[in-house]
Each structure stands twice: as C-alpha cells, then as structure tokens.
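Letters A, B, ... mirror the listed sequences (proteins, then strands); counts begin at 1. Everything numeric in this text was worked out from a predicted model, so none of it was measured.
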Amino acid sequence: MRSPVGVNVVLVVAGATLFYTYVGQLVPQKELQPPPKVEITQEMTPVQLAKVGDELARGKGMCLTCHTVGHSGGPLRYPDLAGVAERAKTRVAGLDQLHYFAQSVCQPDAFVVAGFAPGMPAIHRPPIGLSDEELHAVVAWLQSQGGQATITLKEKLPYCGGPG
Amino acid sequence: MKLAIVLAVVAVMVVLRLVRAGLLVWLAAWWVGTYAVLRYGFVTPIPASALHIFMAITALSLFAYATSSRERMRATYEPVLAFASESRFTLPLALVAASIPGVVAWSVYQGLQQPLQPPYFGRTVHPSPPAEITSRGEKVDLARAANPFRNLEKTDVQAFRRHVENGRRVYYRNCFFCHGDDLGGAGMYAHGLDPVPANFLDSGVLPMFQESFFFWRIAKGGPGMPDEGAPGDSAMPEWERMLSNEEMWDVILFLYDDAGYRPRALEAVGAEVAH
Amino acid sequence: MNRRALLGIVGAFLLLTAVLRVWVAVNDRAYRAPVYSTQVQPVPREQGIADQQKAAEAKAKAKKYEAPTYRQFPFVGSRVAIWVVAELHLMFAAFVLAVPMFAFIIEVIGYATGDKRYDRLAFEFTKLLSTSFSFTASFGGFLTFMLIALYPAFTNYLMEVFSPTFLPYVLLFFAEAGCLYSYYYGWGKFHPLVHLALGLAINVVGTLIMFIANAWASFMMTPQGISDSGALVDLYAAFDNFTWMPINIHRFIGNIAFGGSVAAAYAAWKFLHAETDEQRAHYDWMGYVGNFVAISAFLPLPFAGYYLAAEIYAYNQALGIMMMGGAFSWLFIIQAVLIGNLFLAANYYLWLGMGRVEGVQAYQKYVKYLLAAIAVCFAVWATPHSLIATTAEIRAMGGTLHPMLGYLGVMSAKNTAVNVLILTTYVSFLFYRRTGKRPTVSWAKLGNLVQFLIFAASTAIVIFYGIYGYFVEAAVRIAFSVPQVLSVLVAMVLMTVIDIFLMRGAHATGETHWGKIPAVSQYVLIFIAVTFTWLMGLMGYVRSGLRQHWHVYGVLVDSSPDAFTPTLGFAANVVSVCVILFFALIAFVFWLASLHDKRDWGTTQSDEPAHGGHAPKRVSAGS
C-alpha cells in the first residue's frame, strides 16, 4: 500500500524539476543572435545608409533598447525619436542637424533634452563600439526620421574622433 | 468589473456559510468562484494564459489549505472516501465514473472548436508621419500644415458649416462602410478587417493628433504606412486617388465637428516627443 | 559433468576465435596486390610508400603553431558543458560555504547554553561537509580545465587581468581544507573554544575565497579598471567593479538560504527513513532548524537582488533594460513562480508544524487569511506586464496590455506583493511560535493589540506606497521601495521584541512533540530545496547570460558558434539537468554521511551504536 520513501523522494525531486522545466517552456521563446557584420561601402547612397542604420539601431547599436520611435501611451522614459530630423535643426543654438546628431551619438551628455536624465553611452566606444562607417549609417537613419537622409561616407562626422 | 457576476459568487458563498457547508464544498466553491469572477467578471476578458496562471495558483493554495492540518485533511478526504466506498453512493459514483470519458470528449471537442487564428504581429497603430507628402501634386508639410478651412470657424461660420456638411456627405459616401455611421469604427465591413477601422469617438484618436496627421492617413491610406505600421495590413485605401484635397480636409472638419473634439494644438508637438 | 564443462569452454573458445577471425577479415584494410596484375609500376611500391611517409612527416614538421581561440566539446557544445560544470561547482561551493555558517552559530548556541543537543545538531550538519568539499574542489578543477581546454583565448585574457589573485586563492583553498577537516575530525577532541575558533576560521577563509572568485565573475559582466582595448590599468578597480560587492552580498545571503534548505532536505530524508520516534524527533527538529535558517536568509534576499540590479543599471543602462524589459524580462515571471512557490511552501510547512503541538490550536483559524494574502500576492507577482494572448484576445484588450491587469504588471505592484509576502510569512512564523502557549504577563492584551497595530501600520504603509507609486514618475517610484522595505523590517523587529517579552514565562497549554508531524511536511522540505536549487540555477543564468555575445562585456567579444543567447526554454532545460545532477550527487553525499550511523559490518543488531537521537522533548521554536 505505502510506496517506498526513496521512490517518493525521487518523484518529488523529479516532479518539481519537471514542473519548473515546463514553466520555462510556457513563456515566449526568443533566441538572440549576435549582431551580424554589415558591409558598408563607399558607394552607398544616403537612403541605403539609412537602411543599414535602421538595422544597427535595432541590433548592434542598441538604440531601440531605450529609445522609441512613435511612442503611444504612457510616460516616456527616454526621448522619442519620431520626427527627430526636424527638431534637430533647431534644438541647440549654433548646431546644425548634422552637428547635433554627431554630438548626440558621440558625446551624449553634452546636451540632454529637458525633462530627461543623462545616461546614454557614447555609441562609438565599447561595449557598443560602432565603427565610423556604422556611425554614418546611424546618423543617416536619424536624418530619415521625419526627414530626408543626406549624409554619405565622404562627409566627416564631428565629435566622433576615432574609437580610442 | 461586472458586478452581477461578483455579487452572484458572493451570494453563493453566503448561502454556503448559512448552511454550514463542509470543507470540501468550500474548496470547490472557492475554485469555481474564483474562476467565474476571473473568467466572466471582467468587462475586458483576461487572456487565457493569465487565467491559467491564476487558476493554478488558486488550486495550489486550496490544496495547501486542505492539507495544512490533520483536521482539515480529514475533513477533505473523508467525504471523498465515503463517496467512493459507501454503498448508498454506488449509483452516483457509477454516474461520475461514467461521465469522465464524456467530460474528456467534451473538452477535446471544445479544443477543436477553436477557430483558426492568425499569429499576432505587433504594429504601431499611429506611427509618426513623414515630414512632408505630396497629395494630388500638392506638397503638404505635415509638421506645420493646418487645415486650410479651420480658420473659417471664426471668420465665416456659414462657409465653415458648408465645408462641414460637404465633409459629412463625403464621409457617408465613402467612409462609413468601415468606420461606422456613428464614427465608432464599427461599420458593416469592420468585422472582416484586421487591423480594425479607427474609432473616432475614442479620446485617444482625434484629440491626440493635429489635422495634418489625418490628412496624411486619408491621402496615403494603408499602403502609405511606414514599416512599423505594417503597410500591407490595413485595408484603408489611398483616398488621394478618389478624393480632392479639399474634400479630404472637409471630411476631417466633419470628423472633429461631429465627434466633438478639438485637434491637438500645433505648438504642443515636440514638447512631449523630444530629442 | 566435467567433460561437458570442458566442451563448453572449448566451444566458446572456438566460437570466439571464429568471431575474431571474421571481424579481422571484414575490417582488414591492409593493401593486397591484385593477383593477376601484369602492369609494371613506375615507382616501386615500397619506394612510393616511403615517399608518402616522408612527405607527411615533412608536412607535420612544417606545421605552424596557431593559438586556438575555441575548441569544441562533443555532443552538447562548449557552452553547455561549461555551463553545467560551473553551475555544479557553484552549487556545491554554496553549500560548503553556507553549512559552516549555521553549524558554527548552532555550536556557539550549544556552547553558550551548555545544551548538548545543539552540539550534536551542529555536528550533524558538519557531517555533510567533507564529501561536499571534495566535490566542490573537484568541480573547481574540472571547471578550470574545461575553461583552458574549451575557451583558451578567453581564459588567457582573464589570467592576464587577474593573475595576482590566483596565488592567494589557491593558498586560501589550502587553509580552508585544513580548517574544515580539523573542524570536522576534531569534533569534541579540542577545548570547545579552540574548536569554535576553527569554525570561525572556516567561515572567514571561505568567505574570502568566494570574494576572490566573485571578482572574476563580476568583472566579466561589469569590467572596470581596463583601457578601451582591454589592457589592465588598475587591478584594484577591476577587482572592486560595479557588481562585485552586490554579488558578494547576494551570494553570501543566498548561500545560507540554499545551504539551509539542502540541510533541511537531508533531515527530511533521514526523518522519512527513521525507525524510532526518537530519531524522528531529532530529524524533525533538524529539518525545522535548517528550514528556519533558509527562510530567514531568504527574506532579505530580494533586497540584495535589488541592490545588484541597481548597480547593473548604474554600470550600463542598456544592460539593465535588457534584463528587466528585454529578452530576459520573461525570466522574471519564471522567477516569480519559483519564489511564490517558496513562500507558499514555507508557510505551509509552518502551518503543518502547528500540528506538533497538542491541544487547541488557537491560530489555526487565521491560516485561511494568511493563505489568501499569499495567494493574492503570488498572483500579482506572477502577472506579466504584457500578456501572451491570441489575436482575438488582443483585439478585445486593444493591445497586449489588459486595462486592469496591466496595473499588476509594473514594479509598484510587484514590490508591494513581495513585501506583503514577507510580512505574511513572518506572521505565520509568529503564530507557529505561539502555538501551545498562553502569555501570562499582565499586559498581554495590550501587547497583542500593539503588535497587531504595528502589523496593520506596516501593511498600510506598504500598500499606500504601492498605490501612490502609480501617480508619480519612475524616478520617484523607484525610491518608494526604500520606505516599503524599512517599514517591513522595522515592523518585524518591533514585533519580535514585543513577542519575546510577551511570551516570557508563558503558560504552556500543550506539549510540543517533535516528530509528530505529517510526513507530507518532509516532502515539502525537499520541494523547497529543489525550488531553491532551481532558482539558483535560473538566476545564475540571467546574471551570466545578460552579457549576450560577450565574454567580458564590451571588451572581449564571443565569436564562437555558441555566441547566441538561447531561448528561456533551453536555459530551463539546462538548469533542470544541473539540478538533477546536483541532487544525484548530493544523495551520494547524504548516503556517505549516513554511513556514520550504520552498524559496522559483521556486528549484530544488539551492539548497534546509539543513534544521533537525543531528541529535544520540548523546545521553544526558533530560539
């Protein structure tokens, strides 16, 4: 009638472990791949660059971990990037759109939008560590948020003097 | 919350208290009661996944309660034991045993009755508009453009009403099949569409945007959505192919007028969405 | 008869030879010249073979040495292999570090009160140590070799940074071995104070060892003190990086909780196998103490966890958001299930424990309210922020956020839930402690009232801040967890103090019979141990997995095939394998420890040595 204690104990251990394994399978399953290497060539048009920049913003650049594009409902934690191309032209006196973007990504603490706390890492340094070409792509992507991407690799980005 | 359901559950519990029901009955009542409230008691139903979590926790807690002292354990299993062993319960016991395959079959049937559903893809319902669009050869700066007929509201009320009436005419000829005769987004075709047509009575739609946003949405329709808005999903046509720019502005006037909202002020943009 | 046997042997031999010959013939790959060949070979066969060999030798000689970056582990891959070995090392290490802590404290109690029972209990705990210590060291060596073999470049980099810490680590390990074995074998052989000093030494040395190893692990997550290209600049900064101290504290407390629960599982195992009431009483008491230690250490653990999470945010926001809002956010729902189960099981065990006391149990009637509070808090904690739902359900909700449940998904609700859970567990314990006693002091009524008021006030504060949190900004809301925690801690301290004085000279209404507890309670103890172990494996995964495709976050990138972050389901499988392996090994440890009490081989039943069963007849719980 009574099952042996040893069997019971094994059943409890195995049962509890199985139960937690099962719970682990219930939640959404998502595998994160390391960011792929993106080829950026000299001949790329600004629009093509912006497309690469979009990939970077989602993946390796980790921009969209914090920022939103087109936020709906609830308070903002970090500045929303929708239509940022327009605002960048006039946000800081003396900085045109390109300078403003370059400063925002390479020296994020130089200007912090009112109402937000500083905390963004410089994306050309580790751990994100985007290359110069990739920075161009990200800036092109920013320009395309409510505007037209114009930057090419021929232009030099101010504020982002090398990864070191 | 649907009060009727909650009150019904409470009423049953009160009755159980009055008749001094046994522990087993109470346990069953709590489980069923919790299920009833969670499943049917909310105006917006709780998704099945969350319901399962809650019911599992409830079951676990009730089990813990039933076995947490010798007295309670006895009070729980004695009725079960009696039901299973005493001869006066033979018939009901047989009925219960016989109904088990039926219950299983019924639940399998229920499971198979679930309609097939497409997987859910997240999309931004109101994505940010581009800086400017070209509609019927006319450039419209979406960040700055106001409704060209909005100022008539103050200067020439007669003309303004004419524009609104024209908008009404346009709406009921073109829009109401999906967006509904009361602007509520429940037109006769709405049930076949995913995403559902916009509900203009919702306070999160008209007052949250400037009129130029809706001009963009009407002129460019579903295909004009940016990537995050899933351009292929929406059934909204590109109305610039069918309506003049004036008619589109008119219908926007009508929407605000009929729903009783004011458009979002121009200067407010950029204050909230920053950087 | 003999001839037949001989025939059999010869037959078997012949058969074997035949099989061997067939096998050799089938597998023979040696070259055989075709019999009818008339062709003249341009190069004589022997010459050709020699040339070939020479060329192969020359090629082998000329082969350039290339330092490999990765090597592959067969079947499961390098990552899973390292993962399992590291986790098992960690589990045994946690156990070995934790058990001496409470063994030492119990021994101190025994020494101070002169009560032999405590001494025996401390020894019983220590018995589990020696095998576990060997396992820890073996798994440590295993892990080191695996690292060198499978991840040579990464291991080399860590050595580059931390080489000065290796020698002290090894020396401390020797010291730990010395202290631990003399503590164990010298039980009762030295002056008690000398023995206590040894016990203290194990703990100090063990903690130091853990601190050093934590520096390596935390450096991988939040590296500091190095240049942008990864060269070491400041060893001290690399050592004392952002998450080092939080992890020290978190692991220190977590180890005690884990060790206590595993020791309780040992007691449960012995209880279930006990043959006499005396043994049952002893092991019931031991399980109770182990569980008491585990739950007491468990209560402050969430706060240590917050501290760790806050430091991760401070180091790098993206890392913090990845943890709480990104791919790992669902992991915390699994964690909620585990912790909810722990709280429920811990309370359940206390309620069952009331059954040890004879006579009327006045507090049994409150069990249902405590249970209701736990169930509600559990449900709140396990409610995800964005729900899994079908298309129809999402349409009905207008998004993945439910208009009402959405409120339960945020930090305010979770903080409130965990604080109430802690309070409830504490109240359960208080009720358990009081069962079978009636206060005799004159101010008993007033005392009870004050205790209740403190409890009510603390709950009110927790819930008030929980609700208020919805109306303020995130930055303010985070700070709300401080008053919530403080009110709970203060309430617990105050209520304990009042209770100690209130119960002084209390009139006993019923005897406490250790061992008189339903057997299911012992399975609960084992369940708690499994849950703790699984929880440890899961949280170890998030701490380590958070780095994603980095060996050292932002410094050394992982370019191996295992660089991707696996799904939570896969992680859950690996954690389960670790847990099963750990329990298999710990069962072996338990078995070895129980050999002590076994009859010597060859002796009869009558001269069986006395069991460790000088059971306490009546013990005031938790003292």
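- Within 6.0 Å of atom CH2 in B/Trp30, 12 or fewer heavy atoms from other residues, nucleotides or ligands are found, so the atom counts as exposed in its surroundings.
- Atom NZ of C/Lys368 sits about 9.0 Å away from atom CG of B/Leu23, to the nearest 0.5 Å.
- The two residues C/Ala382 and B/Ile57 have their closest heavy-atom pair at CB-CD1, 4.2 Å.
- Annotation: side chain of C/Pro518 is in contact with side chain of B/Arg70 (closest heavy-atom distance under 4.5 Å).
- Atom OH of C/Tyr407 has 12 or fewer heavy atoms from other residues, nucleotides or ligands within 6.0 Å.
- C/Leu371 CG to B/Ser68 OG: the interatomic distance, rounded to the nearest 0.5 Å, is 7.5 Å.
- Here the straight-line distance linking atom CZ of B/Phe63 with atom OH of C/Tyr348 works out to 5.0 Å at 0.5 Å rounding.
- The contact between C/Ile517 and chain B is made entirely by backbone atoms, counting heavy-atom distances below 4.5 Å.
- Atom OH of C/Tyr366 sits in a sparse spot, with 12 or fewer heavy atoms from other residues, nucleotides or ligands closer than 6.0 Å.
- Side-chain contact between C/Leu405 and B/Ile46: present, with at least one pair of heavy atoms (C-beta onward) separated by less than 4.5 Å.
- Rounded to the nearest 0.5 angstrom, B/Ser61 OG and C/Ile374 CD1 are separated by 8.0 Å.
- Other residues, nucleotides and ligands contribute at most 12 non-hydrogen atoms within 6.0 Å of the OH atom of C/Tyr369.
- With a 4.5 angstrom heavy-atom cutoff, B/Tyr65 touches chain C via backbone and side-chain atoms both.
- Note: C/Gln364 CD to B/Glu71 CD = 6.5 Å, rounded to the nearest 0.5 Å.
- By the 4.5 Å heavy-atom criterion applied to side chains, C/Asn341 and B/Leu60 are counted as neighbours.
- Neither the backbone nor the side chain of B/Thr58 has a heavy atom closer than 4.5 Å to any heavy atom of chain C.
- Counting heavy atoms of neighbouring residues, nucleotides and ligands inside a 6.0 Å radius, atom CZ of B/Phe177 exceeds 12 of them.
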